[in-house]
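What follows is a single structure, written as C-alpha cells, with notes after it.
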Number of protein chains: 2
Amino acid sequence: MNIGEAATESGLPAKTLRYYEDIGLVTPRRSDNGYRHYAEEDIHKLRFLQRARSLGFAIADCRTLLSLYEDTSRASSDVKSIATSHLDQVEIKIQELESLRKTLKHLISSCKGDHRPDCPILDDLSRSAKS
Amino acid sequence: MNIGEAATESGLPAKTLRYYEDIGLVTPRRSDNGYRHYAEEDIHKLRFLQRARSLGFAIADCRTLLSLYEDTSRASSDVKSIATSHLDQVEIKIQELESLRKTLKHLISSCKGDHRPDCPILDDLSRSAKS
DNA sequence: ATTCAACCTTCCAGTGACAGGAGGGTCAAG
DNA sequence: CTTGACCCTCCTGTCACTGGAAGGTTGAAT
C-alpha cells in the first residue's frame, strides 16, 4: 500500500506519515521504485497513533504506548499511569481555561462595545498588571 | 532602565523583551554603550503585554490591542470583538478538553492497572480507530 | 592596576508536530 | 507519447519563546 492509501486508511495526512518515519515511529519498507510500502501492521500502528494523538497524547507518550502495545507481557499499570498522568494535565488545562473564561466574560460584559473609546478591557490590561 | 530591571518590572523574562523588540512590539531606545534603555512608557506597554498574554491573547491580538490602547479615538466595540472572539476560542477548547477528559476517565476507570497485560486502554487505541 | 561578578550584546539552534512548497522522478491510461 | 495523478527529498515556516556560545561593559573590591 502506497503512502496515499495508507493516509486514507489511517486518517492521517501523508505528510504526517513521512514525519512519523523521520522520527522512527512507523518505518515502512520501500518498493523497488523507492516508494514507501505500508503493510497491514503499519496501517494498524498508524491507526493506533491516530487514535492516541486524537486523545491528546504527546508523541513521546505515543511511542511508549506503542511499545507497550507490542509488548504482550506489559503490565496494564504502566499504561494506566501514562493515561492518568495525561488526564491530570488535561484537568489542569481545563481549570486554567475556565479561570480564563471567567475573567474574559467579566471583562467583556463590563464593556459597552459601542463607538466610544471607553473600554474596561483596555483599562484592565493597562492597570491590573501594575499591582 | 536596562533590560534586567525592565524584565523585573514587567514580569517578563529579558529574552522575551528582546523578542518583542525583534518583532517590533516594544522598541526601546539605546544607550551610548548599546544597552537597551526602557522608558516608563515602554514598561507600561510591557505590563500591558504581560497581562494580555496571560489572558491567552495571541501576539497578533496583542499588537492590535496595543494599537487600540494607544488610539484614544478607538471604538470600544473593536476591543470587545477581539475579546469575544478569543473567548469563543477558549470555550471551544474547554469543550474539546472536557470531551477528552470524559473519554480518558472512562478508559482509565476500565483499566485494572495491575501487573497483568490486559488493558482496555490499549484495546481502545488499537480497535476504535478501525471503525 | 587588575580582577571579578554581574550585567549587557548578537547570533544560532531547538522546541512540538507538523504544513507548504519547490523541483523532480514514476506510473497507468488514453 | 503525453497527461495527470501519484510519489520522492529537501528546505522553510509555524508560535512564542528558551538556551547557550562568544564576547563587550560596568562597578566595586582587592
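Worth knowing before you read on, the calculation uses all heavy atoms, side chains too, and leaves out hydrogens, waters and symmetry mates. Here is the naming used below: chain letters follow the sequence lines, and residue numbers restart at 1 for every chain.
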B:E96/A:K93 salt bridge by N-O under 4.0 Å criterion: no
Rounded to the Å, how far apart are B:I3 CD1 and D:dT18 P? 13 Å
Should A:N33 be listed as having a side-chain N or O under 4.0 Å from OP1 or OP2 of C:dC27? yes
Spacing between A:L49 atom CG and C:dA17 atom P, to the nearest angstrom: 12 Å
Closer than 4.0 Å, any side-chain N/O of A:R30 to the OP1 or OP2 of D:dT9? yes
Considering heavy-atom distances to DNA chain C, does A:A58 or B:K15 have its closest nucleotide positioned more toward the 5' end? B:K15
In whole angstrom, what separates B:E21's CD from D:dC17's P? 15 Å
In whole angstroms, how far is the P atom of C:dT9 from the CG atom of B:D32? 14 Å
Is the closest basic N to carboxylate O distance between B:E98 and B:R101 below 4.0 Å? yes
Length of the CD1-P vector between B:I23 and D:dA16, whole Å: 8 Å
Ignoring the backbone of A:R18, work out which of D:dT9, C:dC8, D:dC6 is nearest its side chain. D:dT9
Is the distance from OP1 or OP2 of D:dC7 to the nearest side-chain N or O of A:R36 less than 4.0 Å? no
Without swapping roles, check the side chain of B:H86 against the backbone of B:L55 for a donor-acceptor pair under 3.5 Å. yes
Whole angstrom value for the distance that separates P of C:dC8 from CD of B:E5: 9 Å
Given atom OH of A:Y35 and atom C1' of C:dC27, what is their separation to the nearest angstrom? 6 Å
Can you see if the side chain of B:Y20 gets near the phosphate of D:dC17 - specifically, an N or O under 4.0 Å from OP1 or OP2? yes
Donor-acceptor contact below 3.5 Å, side chain B:D42 vs main chain B:A39: yes
Give a yes/no answer on whether the side chain of B:R53 brings an N or O atom under 4.0 Å of OP1 or OP2 in D:dC17. yes
Between atom CD in B:Q50 and atom P in D:dA16, what is the gap in whole Å? 15 Å
With nearest nucleotide decided by heavy atoms, which residue, A:N2 or B:I59, maps closer to the 5′ end of DNA chain D? A:N2
Salt-bridge contact A:K112-A:D118 (side-chain N to carboxylate O under 4.0 Å): no
Ignoring hydrogens and angles, answer whether the base of C:dG16 and the side-chain atoms of A:Y19 contain a donor-acceptor pair closer than 3.5 Å. no
Is there a side-chain contact between B:T16 and the phosphate of D:dA16, meaning an N or O under 4.0 Å from OP1 or OP2? no
